[in-house]
Each structure stands twice: as C-alpha cells, then as structure tokens.
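The block underneath contains the structure these notes are about, expressed in structure tokens.
This structure is a prediction, so every number in the text was calculated from the model and none was measured.
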Amino acid sequence: MESSAPSFGWFWLPEHPEHQVHGSVSHGDDGIQLEVAGTLQPPAQHGGGSPRWVTIPVILGRLHDGRDVTLLQASGDEMTGTPEEVTEEYQADFALDGGHVTEDCFARTRIVFDYLMPWVNPPGIVHENLADGTFTVDPRQTVITEAALTDGRTVRLLTGAYHQHGKASAHVDQWCAFEVEGSPAPIADILSTWVRPLQDLLVICLGQPVRLEEMLVSPPGHPPYLPEPRLLFDAVQPPGRKSTPVRHPGSHGAPTLLTLDSSPLPFDALIQGWTGVYERLATVVT
C-alpha cells in the first residue's frame with residue numbers, strides 16, 4: 001500500500017472467502033480508504049432498502065502485486081441493492097500491510113521512533129580490520145538489552161540492518177527498535193499501554209517531539225521466520241513526511257535530559273520505574 005496512489009486488488013470478509021470483489025485501498029492524509037465495486041456481503045445477504053452504516057471488524061484483501069492486506073474496524077455505508085450496480089466505500093482505523101489476520105488481537109509489536117538510534121547508540125554493524133584494510137558488516141538482528149515488567153510484558157531494544165546487495169554494490173542501513181511482547185491485546189490497547197508510554201519516555205528524555213516511523217505487529221502464534229505485517233494508521237509518519245525538525249541528542253544546545261548511555265539507571269530499572277510512574281500519572285505526563 002502506497003501512502004499516495006491507490007493500490008488495487010480483491011477484497012472479502014473472513015467469513016465469506018468465496019465472495020471477493022475488486023476494489024482499491026489507499027493510505028494518506030485522509031486516513032485508510034477502501035472502495036469496492038460491488039458489495040462485500042454476498043448477494044444472498046442483501047435485500048431491498050436504504051444503505052445502512054456499519055462497522056466491519058476485519059476485511060481481507062490481496063493486491064495485484066501479491067501482497068496481503070487486512071483492514072481493521074472499517075466503517076461505511078453497506079449497500080442493500082443489487083451488488084452489480086453499486087460501490088461501497090469504507091474508512092478503516094488500521095491496516096496491516098503484508099499479512100492476514102481474522103481478529104484484532106496481537107501478542108508482539110516492534111516500534112521504530114525517529115532518533116531512537118542516537119538515543120540508544122547501539123554497537124555498530126561495521127567492523128574494520130586495520131591490518132589489511134578490509135571490513136565486515138554484520139546485519140544480524142541482536143538484542144541490546146531487555147526489561148521484564150510485573151504484568152508479564154517484556155520490553156527489548158533491538159538492532160539490525162536493512163540491506164540490499166548485488167555482485168557489484170551493496171547498501172546497508174542500521175536500524176534500532178523497541179520490541180514489546182505480552183498477553184494478546186487489541187491494537188487500541190497496545191497503542192495506549194505498550195507504545196505511548198515508550199514514546200512519552202523518549203519525549204521527556206529528548207526534550208522534543210518524537211515521531212512513530214514504523215510499527216510491526218504479530219498475532220499470537222505468528223511464525224518467527226515469517227515477516228511481520230506493518231501497521232498503518234494516521235499516527236505513523238514514515239521518514240520523508242513533513243515533521244518538526246529534531247536535533248541530534250548529542251548536539252550542542254539540544255535539550256536532552258538523558259540517553260541510554262547517560263542514564264543513572266540500567267535499562268530494566270528505567271523501564272520498570274517509568275512504567276510504574278506512567279500507570280499512576282499518565283494524564284500528568286501527557
């Protein structure tokens with residue numbers, strides 16, 4: 001799903017996989033929009049009467065390029081006329097790019113914030129050999145540190161690398177992310193109790209706004225060897241979108257309170273303490 005042009009494909013309800021309709025989905029400033037040529041409900045489900053406003057928990061789709069998409073909490077006018085003569089339009093709260101789920105329930109999320117990398121200052125992925133002038137790149141995903149919370153959740157700091165390479169060229173970018181794993185919960189709860197506290201912690205540590213650039217989610221039992229779907233919604237701001245300039249935490253005059261290296265508390269104590277404060281004073285912190 002591109003953030004500007006619509007992506008076309010086939011869409012259906014999980015309970016009626018045999019009834020698929022052609023349509024387009026887009027993700028932009030107006031949110032997540034779905035338009036289908038026909039009706040999502042099978043013809044047998046339709047009768048006469050006026051359109052009715054409905055909210056559909058899950059809509060599945062497969063785009064023409066082969067990608068799977070899932071729309072969650074999609075609202076719109078469900079038509080009740082002849083399916084061949086109508087179109088339906090829906091606006092979804094969330095979309096998953098790269099996977100299908102049948103319910104709004106997830107057990108793990110990976111979160112990338114802008115300037116998390118300099119805040120963490122992870123070990124580099126390039127290792128030079130000064131003796132012979134060569135270097136090696138290690139793109140493997142590694143756990144930098146982690147914290148176990150009293151409610152059973154685990155918060156980790158991960159690092160790894162995106163890489164593209166061929167015989168004559170290679171491009172590698174290191175990334176850093178939070179990963180939170182716990183009891184399965186809906187997206188709305190994950191955002192408010194898993195993601196927002198970590199974002200607010202970075203806001204206080206950096207003394208300036210922090211953007212959510214990417215969020216991946218995994219349903220319970222998701223195989224670790226399969227890619228995790230990307231979550232799309234209005235708060236995700238990928239690199240390149242307009243945003244408030246943020247200064248490097250280590251630059252002169254930056255209002256940085258602390259970084260991971262300069263924290264007087266180790267990561268587990270910092271996260272555990274912050275979670276306790278946030279549970280009691282979330283409104284004040286916000």
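Hydrophobic clustering (ILVMFWY, side-chain heavy atoms < 4.5 Å, transitive): Leu201 and Leu149 are in one cluster. One hydrophobic cluster holds both Ile204 and Leu270 under the rule that ILVMFWY side chains link at heavy-atom gaps under 4.5 Å. When hydrophobic clusters are built by joining Ile, Leu, Val, Met, Phe, Trp and Tyr residues whose side-chain heavy atoms come closer than 4.5 Å, directly or via intermediates, Leu257 is grouped together with Leu265. In the hydrophobic cluster analysis, where Ile, Leu, Val, Met, Phe, Trp and Tyr join through side-chain heavy atoms closer than 4.5 angstrom, Trp175 is grouped apart from Val217. Hydrophobic cluster membership differs between Ile59 and Phe8, with clusters built from Ile, Leu, Val, Met, Phe, Trp and Tyr side chains linked at under 4.5 angstrom.
When atom types are taken as modelled, the side chain of Thr145 and the backbone of Asp268 share no donor-acceptor pair closer than 3.5 angstrom. Distance alone, capped at 3.5 Å, is enough to place a donor-acceptor pair between the Gln199 side chain and the Val210 backbone. Under a 3.5 Å cut-off, the side chain of Gln33 and the backbone N or O of Asp30 do form a donor-acceptor pair. A donor-acceptor pair under 3.5 Å is absent between the side-chain atoms of His171 and the main chain of Tyr162, judged by distance alone. Side-chain N or O atoms of His19 include one that pairs as donor or acceptor with a backbone N or O of Gln41 at under 3.5 Å. Of the possible donor and acceptor atoms, none in the side chain of Glu179 sits under 3.5 Å from a partner among the backbone N and O of Leu158. Without hydrogens or angle criteria, His22 side chain to Gly38 main chain gives no donor-acceptor distance under 3.5 Å. A donor-acceptor contact shorter than 3.5 Å is absent between the side chain of Asp68 and the backbone of His100. Listed for the Trp119 side chain is a donor-acceptor partner under 3.5 Å among the backbone atoms of Leu258.
A heavy-atom distance below 4.5 Å is not found between the side chains of Leu202 and Tyr115. With contacts defined as side-chain heavy-atom distances shorter than 4.5 Å, the pair Thr150/Thr275 does not qualify. Residues Leu231 and Val236 have side chains not in contact (no heavy-atom distance under 4.5 Å, counting atoms from C-beta outward). Within the 4.5 Å cutoff, no side-chain heavy atoms of Arg108 are placed close to those of Trp194. By the 4.5 Å heavy-atom criterion applied to side chains, Pro6 and Glu35 are not counted as neighbours. Side-chain contact between Leu260 and Asn121: absent, with no pair of heavy atoms (C-beta onward) separated by less than 4.5 Å.
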- Applying side chain to side chain contact (heavy atoms under 4.5 Å, CB included), run through Trp12 and Arg62 and close with a yes or a no. CA-CA 9 Å; Trp12 65 94; Arg62 178 160 292 123; 4.1 Å; yes
task: Could you go through the side chain to side chain contact (heavy atoms under 4.5 Å, CB included) check for Val25 and Leu63 one step at a time?
output: CA-CA 9 Å; Val25 62; Leu63 305 181; 4.0 Å; yes
Applying side chain to side chain contact (heavy atoms under 4.5 Å, CB included) to Val155 and Phe267, what does each step give before you reach the verdict? CA-CA 10 Å; Val155 180; Phe267 180 76; 4.1 Å; yes
inquiry  = Let's go through Val203 and Phe113 carefully: what are the C-alpha distance in whole Å and the side-chain angles of both, what is the deciding distance for side chain to side chain contact (heavy atoms under 4.5 Å, CB included) to 0.1 Å, and is it a yes or a no?
reply    = CA-CA 10 Å; Val203 169; Phe113 295 111; over 6 Å; no
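In this structure, OG1 on Thr136 lies 10.0 Å from CD1 on Ile125, to the nearest 0.5 angstrom. The CG atom of Asp93 sits 8.0 Å away from atom OG1 of Thr55, with the distance rounded to the nearest 0.5 Å. The CG atom of Leu96 lies 10.5 Å from the CG atom of Leu216; values are rounded to the nearest 0.5 Å. Separating the CD1 atom in Ile56 from the CD atom in Glu88 is a distance of 7.0 Å, to the nearest 0.5 Å. How far CZ of Phe106 is from CD of Glu181: 14.5 Å, rounded to the nearest 0.5 Å. One finds the CD1 atom of Ile190 at 9.5 Å from the CZ atom of Phe94 (value rounded to the nearest 0.5 Å).
Considering Glu228, Glu213, Glu214 as possible partners of Arg110, the one that fulfils the salt bridge (charged side-chain N to carboxylate O under 4.0 Å, His left out) test is Glu228.
Counting non-hydrogen atoms of other residues, nucleotides and ligands closer than 6.0 Å to CD of Gln91 gives a total above 12. Remark: Gln164 CD is loosely packed, at most 12 non-hydrogen atoms of other residues, nucleotides or ligands lying under 6.0 Å away.
Scanning all heavy atoms of the two residues, the minimum distance from Tyr90 to Asp77 falls at OH-O, 4.3 Å. The two atoms that bring Ala177 and Val112 nearest to each other are CB-CG2, 3.8 Å, heavy atoms only. Heavy atoms only, all atoms of each residue included: Phe233 and Met215 are closest at CE2-SD, 4.4 Å. Minimum heavy-atom separation, Val101 to Val58: O-CG1, 3.4 Å. Scanning all heavy atoms of the two residues, the minimum distance from Ile32 to Leu71 falls at CG2-CD2, 3.9 Å. In terms of heavy-atom proximity, Ile271 sits nearest to Ala147 at CB-CB, 4.0 Å.
Under the 3.5 Å distance criterion, with hydrogens and angles disregarded, a donor-acceptor pair is assigned to the side chains of Gln174 and Thr159.
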